[in-house]
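In this text, all values refer to a predicted model and were calculated from it rather than measured experimentally. Chain A is the first sequence line, chain B the second, and so forth, proteins listed ahead of strands; every chain is numbered from 1.
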2 protein chains.
Amino acid sequence: MAEKVTLFAVAERAGVSIATVSRVVNGLTTNGPTKERIRRAIDELGYEPNSAARALKVNASEQICLALPDLNNPVYQAMTRGVQRGFKLSKYRLMLSPSLLTTEEVILQLKSLGRNYADGVILSSLVFDEEIEKILSTLRIPVVLVGGAINRPKFDNIRVDSERGVGMAVDYFFSAGRKKILFLNGPWITNPAKRRKEGFLESMKSHQIMNPENYIANAKAFNPNAAEEVLSGIKKLNQFSAILCANDLLAAGAIKFLSKRKMKVPDDIAVIGIDNTDLAELLTPTLTSVDFKAEYRGELAAKYLLERLENPNLPIKKTIIEPELIIRESA
Amino acid sequence: MAEKVTLFAVAERAGVSIATVSRVVNGLTTNGPTKERIRRAIDELGYEPNSAARALKVNASEQICLALPDLNNPVYQAMTRGVQRGFKLSKYRLMLSPSLLTTEEVILQLKSLGRNYADGVILSSLVFDEEIEKILSTLRIPVVLVGGAINRPKFDNIRVDSERGVGMAVDYFFSAGRKKILFLNGPWITNPAKRRKEGFLESMKSHQIMNPENYIANAKAFNPNAAEEVLSGIKKLNQFSAILCANDLLAAGAIKFLSKRKMKVPDDIAVIGIDNTDLAELLTPTLTSVDFKAEYRGELAAKYLLERLENPNLPIKKTIIEPELIIRESA
DNA sequence: ATGAAAGCGCTAACAA
DNA sequence: TTGTTAGCGCTTTCAT
């Protein structure tokens with residue numbers, strides 16, 4: 001292993017003081033010859049500034065924490081890609097939190113941010129409560145919320161019009177004459193599930209459907225197996241002409257289940273997913289899905305965070321992403 | 001925003017010196033009453049140690065860098081999950097590199113590690129050359145290679161028996177009487193593509209097939225669209241009874257393409273993928289795929305790195321993952 | 001068991 | 001433009 005090379009080594013080699021080297025490194029000086037000598041010394045020694053020392057001195061880590069529920073769901077993969085892209089040209093490194101599925105995990109993660117290892121955090125959580133909100137407001141770094149449940153957030157945030165997205169899907173089903181719609185929702189404790197349920201109830205009522213709450217099934221998780229499990233527990237599945245799934249993974253499970261039962265999608269029963277992930281194009285039939293633009297949201301979150309880091313006094317930004325129904329074969 | 005709370009604040013409140021507080025924080029002292037007082041002060045003030053200061057002092061960041069090609073490929077998502085799990089109970093935080101598709105990107109990333117923001121790195125790269133190898137050996141932190149191309153690596157590494165995996169798929173095709181096999185490979189410059197090509201040629205020859213190199217097509221990328229593009233350029237596709245794809249994404253593209261062409265999988269033409277990603281279960285037909293245990297590799301990489309950080313003098317570990325053919329409907 | 005103090009590598013204020 | 005120096009918050013040696 002090579003010798004550790006610090007500002008001192010470079011300064012010595014170039015015959016200047018460490019301050020001068022520091023200035024060159026940070027682009028604060030314009031002197032020709034000295035600058036050149038220092039540059040050469042840096043190259044020859046392979047000097048790289050010590051992040052920790054800089055972080056300690058300027059109280060900034062040049063790192064961003066991305067806090068997500070889990071990486072199993074392709075929607076968060078897409079979001080992560082967007083975030084990566086958003087920070088690509090910046091000086092910031094990206095930290096990935098562990099899986100944050102429960103309130104406890106979220107809280108633990110947020111508290112750990114007190115260690116100052118990140119200059120900002122992008123939080124997308126399935127769960128939200130007062131305790132999380134309280135911790136968020138004691139954080140000493142900017143937060144960008146992606147899909148938060150907080151009422152009047154004091155943070156930049158990017159939400160999705162869940163109700164509208166669900167409504168679009170329901171409307172589309174109705175426009176195709178499919179009125180017996182099953183809503184295959186995710187775990188009821190999660191925030192997206194609550195929002196999507198609201199959207200479903202509202203939309204069904206607007207179509208004069210009585211007691212739409214009877215047409216909701218909750219999967220235990222946002223994944224294909226959970227979808228299959230729930231569906232297998234529904235006695236009269238063929239009373240339905242359509243299934244709206246709370247995400248693409250559930251939709252994938254639904255399609256698989258229906259195909260096993262020899263029910264044709266979309267002929268016997270139409271299926272719509274939510275999130276429009278990469279998966280949608282690959283399923284058979286290809287999946288009609290409500291696009292909430294996860295990758296774009298990730299990129300936008302990164303942008304908002306960068307802007308706030310640049311200028312902490314900017315007014316709070318709130319963006320609501322308009323959903324788009326991407327029509328493919330399944331409905 | 002709350003006041004910044006340092007060791008000093010805690011020490012003052014508890015009426016002790018910062019050294020004592022530091023010892024309590026790091027679990028180095030056993031005194032009853034003092035310890036209690038300090039603990040209370042820490043709780044009351046919500047003290048969290050400053051990562052940068054600690055990192056600077058002990059020359060260790062408690063961070064790990066995960067350097068991957070891209071997050072579009074579900075195999076890296078799985079690997080990332082494994083890595084997350086592997087570090088879950090450790091003190092280390094996880095950093096995610098940006099997309100590292102080209103040699104230049106890999107080199108830039110590795111060089112930046114000179115800034116000491118990570119105590120170790122897990123590198124999975126599609127490309128490898130002498131320059132990368134050289135930089136790796138100048139790094140002052142341990143490296144774990146996942147799927148490296150280096151001949152006699154001086155690093156812990158976890159590889160995959162690509163040749164064997166491809167061979168298993170070819171053997172399986174032959175055992176089902178399918179001898180006209182097309183190998184749909186990825187970009188030829190990438191390391192996995194080279195290895196998989198070798199495996200294909202070797203295996204085909206062992207089955208007395210002449211000039212197997214004529215049955216290889218290279219997609220421009222490891223994704224579904226690239227697969228469709230290549231396949232659409234092949235005139236006499238129906239001379240083949242099987243397609244072996246270099247990964248599941250290519251296989252997904254192939255299945256889609258074949259379905260458009262009204263060729264039945266597996267009746268007209270069988271398809272096998274590689275990586276056995278989450279996708280495999282969701283495609284129609286479900287995809288037979290060679291499992292290289294990406295998630296496990298990620299977890300193992302984390303384990304190796306933790307062990308080496310614990311004890312740098314351990315002998316180098318090299319593991320070759322045995323592939324497993326997961327048979328589903330597509331072949 | 002506890003405290004005083006040095007110093008990790010860097011930036012920035014001040015002086016020259 | 002350049003150098004000197006204090007100090008960011010912490011760990012650890014040495015003394016008590």
Side-chain angles (χ1 to χ4, degrees), chain A residues 2-39 41-42 45-63 91 112-119 140-141, chain B residues 2-39 41-42 45-63 91 112-119 140-141:
Chain A
E3 182 92 2
K4 187 189 294 190
V5 25
T6 70
L7 271 190
F8 264 101
V10 177
E12 197 167 37
R13 179 150 190 142
V16 294
S17 76
I18 59 166
T20 307
V21 179
S22 172
R23 288 188 194 102
V24 170
V25 169
N26 295 294
L28 300 176
T29 206
T30 337
N31 184 300
T34 323
K35 194 173 173 180
E36 248 338 290
R37 273 213 324 286
I38 294 174
R39 281 219 133 49
I42 288 175
L45 295 173
Y47 169 76
E48 293 276 353
N50 182 306
S51 299
R54 178 157 217 290
L56 178 58
K57 182 66 189 176
V58 306
N59 195 26
S61 60
E62 306 196 337
Q63 297 188 153
K91 64 182 177 183
S112 85
L113 288 168
R115 292 167 191 259
N116 285 343
Y117 59 80
D119 297 343
R140 307 179 63 259
I141 56 175
Chain B
E3 182 91 1
K4 189 189 290 189
V5 25
T6 71
L7 271 190
F8 264 100
V10 178
E12 198 167 35
R13 178 149 191 143
V16 294
S17 75
I18 59 166
T20 307
V21 179
S22 172
R23 289 190 192 101
V24 170
V25 169
N26 295 294
L28 299 176
T29 205
T30 337
N31 186 299
T34 323
K35 193 172 173 182
E36 247 339 288
R37 274 215 321 287
I38 294 175
R39 280 219 133 47
I42 288 176
L45 295 172
Y47 169 75
E48 293 275 353
N50 181 307
S51 299
R54 178 157 217 290
L56 178 58
K57 184 66 187 176
V58 306
N59 195 26
S61 61
E62 306 195 336
Q63 296 187 154
K91 63 182 176 183
S112 85
L113 287 167
R115 292 164 189 254
N116 286 342
Y117 60 79
D119 297 341
R140 307 180 63 260
I141 57 175

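In this structure, B:Leu7 atom CG and D:dG9 atom P are separated by 10 Å, rounded to whole Å. When the P atom of C:dT2 is taken as reference, atom CD of B:Glu36 falls 13 Å away, rounded to whole Å. Rounded to an integer number of Å, the gap from CG of A:Leu56 to P of C:dT11 is 11 Å. In this entry the distance linking CG of B:Leu28 with P of C:dG3 reads 15 Å, nearest Å. Between A:Ile18 atom CD1 and D:dG7 atom P there is a gap of 15 Å when expressed in whole angstrom units. If you measure from atom CD1 of B:Ile38 to atom P of C:dA1, you get 13 Å, rounded to the nearest angstrom. Taking atom CZ on B:Arg37 and atom P on C:dA1, their separation rounds to 15 Å, with Å as the unit. For the pair B:Asn116 CG and C:dG9 P, the interatomic distance rounds to 9 Å; values are reported in whole Å.
A close approach under 4.0 Å does occur between a side-chain nitrogen or oxygen of B:Lys4 and OP1 or OP2 of D:dG9. A:Thr6 has no side-chain polar atom (N or O) that falls below the 4.0 Å cut-off from OP1 or OP2 of C:dC8. Distances shorter than 4.0 Å separate none of the side-chain N or O atoms of A:Tyr117 from OP1 or OP2 on D:dG9. OP1 or OP2 of D:dT11 lies within a sub-4.0 Å distance of a side-chain N or O belonging to B:Asn26. At C:dC10, none of the side-chain N or O atoms of A:Ser22 fall inside 4.0 Å of OP1 or OP2 (strictly under the cut-off). Here B:Ser17 reaches the OP1 or OP2 of C:dG3: one of its side-chain N or O atoms lies under 4.0 Å away.
The residue A:Asn59 sits apart from the nucleic acid: no heavy atom pair falls under 4.0 Å. When heavy atoms are screened at a 4.0 angstrom cut-off, A:Val16 is found touching the sugar-phosphate backbone but no base atom.
Annotation: side chain of B:Asn50 is not in contact with side chain of B:Thr6 (no heavy-atom distance under 4.5 Å). A:Asn116 places a side-chain heavy atom less than 4.5 Å from the side chain of A:Arg140.
Among all heavy-atom pairs drawn from A:Tyr117 and B:Ser51, the shortest one is CB-OG, 3.8 Å. Looking at every heavy atom in both residues, B:Ser61 comes nearest to B:Ala55 through CA-CB, 4.0 Å.
Of the candidates D:dG9, C:dG3, D:dG3, the closest approach to any side-chain atom of B:Ala19 belongs to C:dG3. With distances taken from any side-chain atom of B:Tyr47 to the nucleotides D:dC10, C:dG9, C:dT11, the minimum falls on D:dC10. In this structure, the nucleotide among D:dC10, D:dT4, C:dG9 sitting nearest to the side chain of A:Lys57 is C:dG9.
Place B:Thr20 and A:Ala53 on DNA chain C by their nearest nucleotides, and B:Thr20 ends up nearer the 5' end. Closest-nucleotide positions on DNA chain C for B:Val58 and B:Gly15 were compared, and the one nearer the 5' end corresponds to B:Gly15.
For B:Arg23 against D:dT13, a side-chain N or O and a base N or O form a donor-acceptor pair under 3.5 Å.
No more than 12 heavy-atom neighbours from other residues, nucleotides or ligands sit within 6.0 angstrom of CD on B:Glu12.
Note that CG of A:Leu7 is 11.0 Å distant from CZ of A:Arg54, once rounded to the nearest 0.5 Å.
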